[in-house]
A.B. asks: 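I'd like to ask you about the structure that follows.
Values reported hereafter were calculated over all heavy atoms of this structure, with side chains retained and with hydrogens, waters and symmetry mates removed.
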Amino acid sequence: MTNKRISARVVLLDDDGAVLLFCGSDPAITDGSAAWWWFTVGGQVQPGEPLALAAVRELAEETGLLVGPERVLGPVWRREAVIHFNGEAMASEEFYFIHRTRRFEPSPDARTPLELRYIHGHRWCDPAAIEALASSGQRVYPLQLPELLPEAYRLTAAVPAQLPGLHVIR
(Lines give C-alpha, C1' and ligand atoms only; values in the text may rest on other atoms or scores of the structure.)
Protein backbone atom coordinates (compact mmCIF):
# COMPACT_ATOMS: atom_id res chain seq x y z
CA MET A 1 0.00 0.00 0.00
CA THR A 2 1.59 3.25 -1.11
CA ASN A 3 -1.43 5.52 -1.36
CA LYS A 4 -1.91 8.04 1.44
CA ARG A 5 -5.11 9.99 1.72
CA ILE A 6 -5.57 13.06 3.90
CA SER A 7 -9.19 13.89 4.62
CA ALA A 8 -11.08 16.72 6.26
CA ARG A 9 -14.27 15.53 7.95
CA VAL A 10 -17.11 17.44 9.59
CA VAL A 11 -19.10 16.31 12.60
CA LEU A 12 -22.26 18.16 11.61
CA LEU A 13 -24.49 18.55 14.66
CA ASP A 14 -28.05 19.73 14.93
CA ASP A 15 -29.40 21.76 17.86
CA ASP A 16 -30.31 18.56 19.74
CA GLY A 17 -26.80 17.08 19.46
CA ALA A 18 -27.53 14.57 16.71
CA VAL A 19 -24.92 14.12 13.98
CA LEU A 20 -25.54 13.77 10.26
CA LEU A 21 -24.24 10.41 9.03
CA PHE A 22 -24.11 9.10 5.50
CA CYS A 23 -24.43 5.45 4.58
CA GLY A 24 -22.11 4.23 1.87
CA SER A 25 -20.23 1.33 0.35
CA ASP A 26 -17.17 0.74 -1.81
CA PRO A 27 -18.14 1.93 -5.32
CA ALA A 28 -15.64 -0.48 -6.89
CA ILE A 29 -17.73 -3.45 -5.73
CA THR A 30 -20.72 -3.47 -8.04
CA ASP A 31 -22.12 -6.99 -7.56
CA GLY A 32 -24.17 -6.11 -4.48
CA SER A 33 -21.77 -7.74 -2.01
CA ALA A 34 -20.12 -4.55 -0.73
CA ALA A 35 -20.42 -3.92 2.99
CA TRP A 36 -22.22 -0.73 3.92
CA TRP A 37 -20.98 1.67 6.61
CA TRP A 38 -21.94 4.98 8.21
CA PHE A 39 -19.63 8.00 8.21
CA THR A 40 -19.46 11.73 8.77
CA VAL A 41 -19.41 14.39 6.07
CA GLY A 42 -15.99 14.88 4.48
CA GLY A 43 -13.43 13.68 2.03
CA GLN A 44 -10.04 14.04 0.47
CA VAL A 45 -8.04 17.23 0.83
CA GLN A 46 -6.79 18.51 -2.52
CA PRO A 47 -3.04 19.29 -2.94
CA GLY A 48 -2.27 22.63 -1.28
CA GLU A 49 -5.81 22.99 0.11
CA PRO A 50 -6.04 24.12 3.75
CA LEU A 51 -7.87 21.61 5.96
CA ALA A 52 -10.67 24.01 6.97
CA LEU A 53 -11.34 24.93 3.33
CA ALA A 54 -11.47 21.25 2.41
CA ALA A 55 -13.93 20.66 5.26
CA VAL A 56 -16.35 23.37 4.12
CA ARG A 57 -15.95 22.35 0.44
CA GLU A 58 -16.92 18.79 1.32
CA LEU A 59 -19.79 20.05 3.48
CA ALA A 60 -21.14 22.04 0.53
CA GLU A 61 -20.63 19.19 -1.97
CA GLU A 62 -22.21 16.47 0.14
CA THR A 63 -25.02 18.40 1.88
CA GLY A 64 -25.53 21.71 0.09
CA LEU A 65 -24.80 23.63 3.33
CA LEU A 66 -22.60 26.66 2.68
CA VAL A 67 -20.45 27.96 5.54
CA GLY A 68 -17.13 29.78 5.68
CA PRO A 69 -14.00 28.08 7.01
CA GLU A 70 -14.09 30.33 10.08
CA ARG A 71 -17.42 28.71 11.04
CA VAL A 72 -16.03 25.19 11.56
CA LEU A 73 -14.20 24.33 14.79
CA GLY A 74 -10.99 22.43 14.61
CA PRO A 75 -9.53 20.25 13.69
CA VAL A 76 -10.31 18.74 17.10
CA TRP A 77 -9.67 15.06 16.40
CA ARG A 78 -7.31 13.06 14.19
CA ARG A 79 -7.79 9.46 13.10
CA GLU A 80 -5.39 7.20 11.24
CA ALA A 81 -6.56 3.98 9.63
CA VAL A 82 -6.01 1.72 6.67
CA ILE A 83 -9.17 1.95 4.60
CA HIS A 84 -10.38 0.06 1.56
CA PHE A 85 -12.16 2.36 -0.82
CA ASN A 86 -12.83 2.42 -4.55
CA GLY A 87 -10.89 -0.83 -4.99
CA GLU A 88 -7.77 0.42 -3.18
CA ALA A 89 -6.25 0.04 0.26
CA MET A 90 -4.83 3.31 1.51
CA ALA A 91 -3.39 4.88 4.61
CA SER A 92 -5.95 7.43 5.68
CA GLU A 93 -5.31 10.39 7.94
CA GLU A 94 -8.54 12.14 8.84
CA PHE A 95 -8.89 15.52 10.55
CA TYR A 96 -12.26 16.22 12.19
CA PHE A 97 -13.96 19.59 12.39
CA ILE A 98 -17.26 20.40 14.14
CA HIS A 99 -20.14 22.57 12.97
CA ARG A 100 -23.58 23.04 14.52
CA THR A 101 -26.63 23.97 12.46
CA ARG A 102 -30.38 23.50 12.37
CA ARG A 103 -31.43 20.09 11.15
CA PHE A 104 -32.05 20.08 7.40
CA GLU A 105 -32.45 17.69 4.52
CA PRO A 106 -29.08 17.32 2.72
CA SER A 107 -29.06 18.06 -0.99
CA PRO A 108 -27.16 15.75 -3.37
CA ASP A 109 -27.07 18.38 -6.12
CA ALA A 110 -23.36 19.27 -5.77
CA ARG A 111 -22.06 15.76 -5.15
CA THR A 112 -19.33 14.46 -7.39
CA PRO A 113 -20.04 11.46 -9.65
CA LEU A 114 -18.06 9.29 -7.20
CA GLU A 115 -20.08 10.55 -4.22
CA LEU A 116 -23.30 9.83 -6.08
CA ARG A 117 -22.13 6.23 -6.57
CA TYR A 118 -21.14 5.46 -2.99
CA ILE A 119 -23.47 7.56 -0.79
CA HIS A 120 -26.73 5.62 -0.45
CA GLY A 121 -28.55 7.54 2.25
CA HIS A 122 -28.28 9.61 5.39
CA ARG A 123 -29.64 9.85 8.90
CA TRP A 124 -29.37 12.25 11.83
CA CYS A 125 -28.23 10.15 14.81
CA ASP A 126 -27.85 10.74 18.51
CA PRO A 127 -25.43 8.54 20.50
CA ALA A 128 -28.15 5.95 21.21
CA ALA A 129 -29.00 5.64 17.49
CA ILE A 130 -25.32 5.19 16.66
CA GLU A 131 -25.01 2.50 19.33
CA ALA A 132 -28.09 0.78 17.85
CA LEU A 133 -26.50 0.80 14.38
CA ALA A 134 -23.28 -0.66 15.78
CA SER A 135 -25.19 -3.26 17.83
CA SER A 136 -26.96 -4.42 14.68
CA GLY A 137 -23.58 -5.09 13.05
CA GLN A 138 -23.30 -1.89 11.03
CA ARG A 139 -19.97 -0.03 11.10
CA VAL A 140 -19.98 3.62 12.11
CA TYR A 141 -16.85 5.73 11.66
CA PRO A 142 -15.14 7.02 13.66
CA LEU A 143 -15.63 4.11 16.03
CA GLN A 144 -15.67 6.37 19.10
CA LEU A 145 -18.34 8.68 17.70
CA PRO A 146 -21.07 7.92 20.30
CA GLU A 147 -18.76 8.81 23.18
CA LEU A 148 -17.33 11.86 21.34
CA LEU A 149 -20.66 13.51 20.46
CA PRO A 150 -21.29 15.10 23.87
CA GLU A 151 -17.81 16.69 23.74
CA ALA A 152 -18.43 17.88 20.18
CA TYR A 153 -21.73 19.47 21.17
CA ARG A 154 -20.11 21.14 24.19
CA LEU A 155 -17.30 22.51 22.01
CA THR A 156 -19.78 24.27 19.72
CA ALA A 157 -20.60 26.54 22.67
CA ALA A 158 -16.95 27.12 23.69
CA VAL A 159 -15.01 30.26 22.90
CA PRO A 160 -11.96 29.65 20.68
CA ALA A 161 -9.48 30.09 23.55
CA GLN A 162 -11.17 27.18 25.37
CA LEU A 163 -10.85 24.69 22.51
CA PRO A 164 -8.67 21.70 23.36
CA GLY A 165 -5.71 20.55 21.30
CA LEU A 166 -5.97 17.85 18.66
CA HIS A 167 -7.00 14.43 20.09
CA VAL A 168 -6.24 11.10 18.41
CA ILE A 169 -9.31 8.85 18.02
CA ARG A 170 -10.04 5.46 16.47
A.B. asks: Could you go through residues 49-60 and list every donor-acceptor pair under 3.5 Å that involves a side-chain atom there, pairing it with any protein atom two or more places apart or in another chain?
C.D. replies:
| from | atom 1 | to | atom 2 | distance (Å) |
| --- | --- | --- | --- | --- |
| E49 | OE1 | Q46 | N | 2.8 |
| E49 | OE1 | R57 | NH2 | 2.9 |
| E49 | OE2 | R57 | NE | 2.8 |
| R57 | NH1 | E61 | OE2 | 3.2 |
| R57 | NH2 | Q44 | O | 2.8 |

A.B. asks: Measure the shortest side-chain to side-chain distance between W38 and Y141 over non-hydrogen atoms and say whether it is less than 4.5 angstrom.
C.D. replies: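 W38 vs Y141: side chains apart.
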
A.B. asks: Locate the shortest heavy-atom distance separating F95 from P75; write the atom from each residue and the value.
C.D. replies: CB-CB, 3.9 Å

A.B. asks: Please name all residues satisfying salt bridge (charged side-chain N to carboxylate O under 4.0 Å, His left out) with R103, sequence neighbours left out, ordered by chain then number.
C.D. replies: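 R103 satisfies salt bridge (charged side-chain N to carboxylate O under 4.0 Å, His left out) with D14 once adjacent residues are dropped.
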
A.B. asks: With side chains defined as the heavy atoms from C-beta onward, is the minimum distance between L21 and V140 less than 4.5 Å?
C.D. replies: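 The answer is yes, as the side chains (C-beta and beyond) meet within the 4.5 Å cut-off.
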
A.B. asks: Roughly how far, to the nearest 0.5 Å, is CZ of F97 from CG of L73?
C.D. replies: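 So the gap between those two atoms works out to 9.5 Å.
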
A.B. asks: Answer yes or no: is there a donor N or O on one side and an acceptor on the other, between the side chain of R9 and the main chain of T40, under 3.5 Å?
C.D. replies: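 Such a contact is found between R9 side chain and T40 backbone.
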
A.B. asks: Quick one: list whatever passes side-chain hydrogen bond (donor to acceptor under 3.5 Å, both in side chains) with T30, sequence neighbours left out.
C.D. replies: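 For T30 there are no side-chain hydrogen bond (donor to acceptor under 3.5 Å, both in side chains) partners, ignoring immediate neighbours.
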
A.B. asks: Compare every heavy atom of N86 with every heavy atom of P27, then report the nearest pair and how far apart it is.
C.D. replies: CG-OD1, 3.4 Å

A.B. asks: State whether a side-chain donor-acceptor pair under 3.5 Å links T156 with R154.
C.D. replies: no

A.B. asks: Quick one, E93 with R78, criterion salt bridge (Lys or Arg N to Asp or Glu O under 4.0 Å). Give me CA distance, side-chain angles, the key distance, then yes/no.
C.D. replies: CA-CA 7 Å; E93 184 176 20; R78 183 177 67 82; 3.6 Å; yes

A.B. asks: Without swapping roles, check the side chain of Y153 against the backbone of D16 for a donor-acceptor pair under 3.5 Å.
C.D. replies: no

A.B. asks: Return the minimal non-hydrogen interatomic distance between V45 and A8, and the atom names on each side.
C.D. replies: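 Where V45 meets A8 most closely, the heavy atoms are CG2-N, 3.7 Å.
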
A.B. asks: Any chance you could measure Y118, atom OH, to F22, atom CZ, to the nearest 0.5 Å?
C.D. replies: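 So the gap between those two atoms works out to 8.5 Å.
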
A.B. asks: Tell me the closest heavy-atom pair linking N3 and A89, and the distance in Å.
C.D. replies: CB-O, 4.4 Å

A.B. asks: Check whether any side-chain N or O of E151 sits under 3.5 Å from a backbone N or O of L148 as a donor-acceptor pair, and report yes or no.
C.D. replies: no

A.B. asks: Under 3.5 Å, is there a donor-acceptor pair linking the side chains of E62 and H122?
C.D. replies: no

A.B. asks: Tell me whether D126 contacts the main-chain N or O of A18 through its side chain, where contact means a donor paired with an acceptor under 3.5 Å.
C.D. replies: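 No, because the side chain of D126 does not come within donor-acceptor range (under 3.5 Å) of the backbone of A18.
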
A.B. asks: Of the non-hydrogen atoms in I130 and P146, which two are nearest, and what is the gap between them?
C.D. replies: CG2-CG, 3.3 Å

A.B. asks: State plainly whether one hydrophobic cluster holds both F85 and W36, where clusters connect Ile, Leu, Val, Met, Phe, Trp and Tyr through side-chain heavy atoms under 4.5 angstrom apart.
C.D. replies: no

A.B. asks: So, taking the atom named CE in M90 and the one named OG in S7, what distance separates them when rounded to the nearest 0.5 Å?
C.D. replies: 8.5 Å

A.B. asks: Only counting residues at least two apart or in another chain, list the ones meeting salt bridge (charged side-chain N to carboxylate O under 4.0 Å, His left out) with E94.
C.D. replies: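 Counting only residues at least two positions away or on another chain, E94 forms a salt bridge (charged side-chain N to carboxylate O under 4.0 Å, His left out) with R79.
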
A.B. asks: Any link between I29 and L114 through a network of hydrophobic side chains (Ile, Leu, Val, Met, Phe, Trp, Tyr) touching at under 4.5 Å?
C.D. replies: no

A.B. asks: Considering residues at least two apart in sequence or located in another chain, which fulfil the side-chain hydrogen bond (donor to acceptor under 3.5 Å, both in side chains) criterion with W124?
C.D. replies: none

A.B. asks: Within a strict 4.5 Å, meaning less than it, do heavy atoms of the L13 and L20 side chains meet?
C.D. replies: no

A.B. asks: From L133 CG over to W37 CH2, what is the distance, rounded to the nearest 0.5 angstrom?
C.D. replies: 15.0 Å

A.B. asks: From T101 OG1 over to R71 CZ, what is the distance, rounded to the nearest 0.5 angstrom?
C.D. replies: 7.5 Å

A.B. asks: Return the OG to CZ distance between S25 and R117, rounded to the nearest 0.5 Å.
C.D. replies: 10.0 Å

A.B. asks: Which heavy-atom pair separates C23 from F39 by the least distance, and what is that distance?
C.D. replies: C-CE2, 3.8 Å

A.B. asks: Dump the intermediate steps for side-chain contact (heavy atoms from CB on, under 4.5 Å) on V10 and Y96, then the final yes or no.
C.D. replies: CA-CA 6 Å; V10 180; Y96 286 81; over 6 Å; no

A.B. asks: Kindly write out the residues that satisfy side-chain hydrogen bond (donor to acceptor under 3.5 Å, both in side chains) with T63, not counting sequence neighbours, or none if the list is empty.
C.D. replies: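 Counting only residues at least two positions away or on another chain, T63 forms no side-chain hydrogen bond (donor to acceptor under 3.5 Å, both in side chains).
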
